[in-house]
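Down below is the structure, laid out as structure tokens.
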Amino acid sequence: QVQLVESGGGLVQAGDSLRLSCAASGLTFSRNAMAWFRQAPGKEREFVAAIRWGIFNTVYADSVKGRFTISRDNTKNVVFLQMNSLKPEDTAVYYCAAGRNFVVTRDGYDYWGQGTQVTVSS
């Protein structure tokens with residue numbers, strides 16, 4: 001019943017920007033923490049960014065801090081990931097996640113989207 005659908009992925013050049021979106025349904029969006037994770041080929045799924053409900057605290061992985069921004073629109077049940085100054089090492093499948101907790105570990109989230117591919121060429 002709960003569904004998360006990512007969009008906005010694609011192929012870009014290094015230094016370019018991209019904005020990912022995640023549309024949520026079937027849950028109380030405004031009371032859920034939302035997060036982005038990513039997984040590159042041969043690598044473990046890693047935390048990227050999260051945003052809490054309420055006062056909208058945010059947390060970022062060191063690898064994206066200063067370049068990526070997570071935000072949410074509770075009126076539309078959408079969370080965004082604005083990615084600037086993209087690097088080839090940002091290439092991965094990006095996953096949207098939702099949960100009642102505000103954490104940075106995969107097991108802390110209850111629901112996941114199918115992922116969207118982001119490819120950054122040099």
Side-chain angles (χ1 to χ4, degrees):
Q1 190 170 353
V2 174
Q3 187 173 11
L4 304 177
V5 181
E6 302 96 335
S7 62
L11 174 63
V12 298
Q13 295 182 331
D16 284 351
S17 297
L18 202 61
R19 188 177 75 164
L20 305 183
S21 300
C22 173
S25 62
L27 78 166
T28 306
F29 182 83
S30 62
R31 286 284 181 164
N32 273 263
M34 303 295 297
W36 289 95
F37 289 74
R38 68 186 182 185
Q39 187 167 21
K43 301 291 183 66
E44 296 181 357
R45 189 171 299 186
E46 65 176 355
F47 171 80
V48 176
I51 183 167
R52 190 199 291 270
W53 57 268
I55 61 174
F56 302 153
N57 299 73
T58 58
V59 62
Y60 298 91
D62 288 341
S63 59
V64 306
K65 193 173 299 181
R67 298 188 298 121
F68 290 10
T69 302
I70 187 171
S71 62
R72 64 193 296 168
D73 184 347
N74 286 348
T75 67
K76 299 184 181 297
N77 291 1
V78 178
V79 62
F80 303 97
L81 184 67
Q82 178 66 46
M83 304 183 293
N84 298 327
S85 301
L86 283 163
K87 305 174 181 179
E89 49 263 46
D90 294 319
T91 296
V93 176
Y94 284 71
Y95 297 91
C96 178
R100 289 282 184 173
N101 303 304
F102 182 56
V103 296
V104 299
T105 56
R106 188 185 188 280
D107 59 3
Y109 290 87
D110 303 310
Y111 306 105
W112 296 83
Q114 297 300 307
T116 185
Q117 176 70 49
V118 173
T119 303
V120 185
S121 63
S122 59

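These values consider heavy atoms only, across backbone and side chains, with no hydrogens, waters or symmetry-generated copies. If you read the sequence from its start, that first residue is 1, and numbering goes on from there.
A continuous path of ILVMFWY side-chain contacts below 4.5 Å connects F47 to F102, so both sit in one hydrophobic cluster. Linking ILVMFWY residues whenever their side-chain heavy atoms come closer than 4.5 Å, directly or via other members, places V2 and V79 in the same cluster.
Annotation: side chain of M34 is not in contact with side chain of W53 (no heavy-atom distance under 4.5 Å). Here the side chains of L18 and L86 are in contact, with some heavy-atom distance below 4.5 Å. A 4.5 Å side-chain heavy-atom check between N74 and F56 finds at least one atom pair inside the cut-off. Annotation: side chain of F68 is in contact with side chain of L81 (closest heavy-atom distance under 4.5 Å). Contact of the Q82 side chain with the S17 side chain is registered, since non-hydrogen atoms from C-beta on lie closer than 4.5 Å.
Here CZ of R19 is found 9.0 Å from OG of S7. Values are rounded to the nearest 0.5 Å. If you take CZ on F80 and CG on L20, they are separated by 11.0 Å, rounding to the nearest 0.5 Å. From N84, atom CG reaches atom CG of D16 across 10.0 Å, with rounding to the nearest 0.5 Å. With values rounded to the nearest 0.5 angstrom, N57 atom CG is found 8.5 Å from I51 atom CD1.
S21 and V78 get closest at one heavy-atom pair: CB-CG1, 4.3 Å. Contact detail for Q39 and K43: the closest heavy-atom pair is NE2-O, 3.2 Å. Closest non-hydrogen pair, L4 versus A98, comes out as CD1-N, 3.9 Å.
Residue pairs meeting the disulfide bond (SG atoms under 2.5 Å apart) criterion with at least one member in residues 35-70, sequence neighbours excluded, do not occur. Every pair passing salt bridge (Lys or Arg N to Asp or Glu O under 4.0 Å) that includes a residue from residues 82-100 is listed here, sequence neighbours excluded: R38-D90, R67-D90. Listed by first then second residue, pairs satisfying disulfide bond (SG atoms under 2.5 Å apart) with a partner in residues 50-122 read C22-C96, not counting sequence neighbours.
Remark: side-chain polar atoms of N77 are not paired, donor with acceptor, to backbone N or O of D73 under 3.5 angstrom.
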Exercise. Given E6 and Y95, is the side chain to side chain contact (heavy atoms under 4.5 Å, CB included) satisfied, shown in steps?
Worked result: CA-CA 7 Å; E6 302 96 335; Y95 297 91; 4.1 Å; yes
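Seen from the ring of F37, R45 does not count as a face-on cation partner, given the 6.0 Å and 45° thresholds.
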Donor-acceptor list for residues 107-122 side chains, cut-off 3.5 Å, not counting sequence neighbours:
residue	atom	partner	partner atom	Å
D107	OD1	T105	OG1	2.9
Y109	OH	V103	O	2.6
T116	OG1	G9	N	3.3
Q117	NE2	A92	O	3.4
Q117	NE2	T119	OG1	3.4
S121	OG	V12	O	3.4

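With sequence neighbours left out, K65 forms a salt bridge (Lys or Arg N to Asp or Glu O under 4.0 Å) with D62. Every residue two or more places apart in sequence or in another chain was checked for a ring pair (Phe, Tyr, Trp, His ring centres under 6.0 Å) with Y60, and none qualifies.
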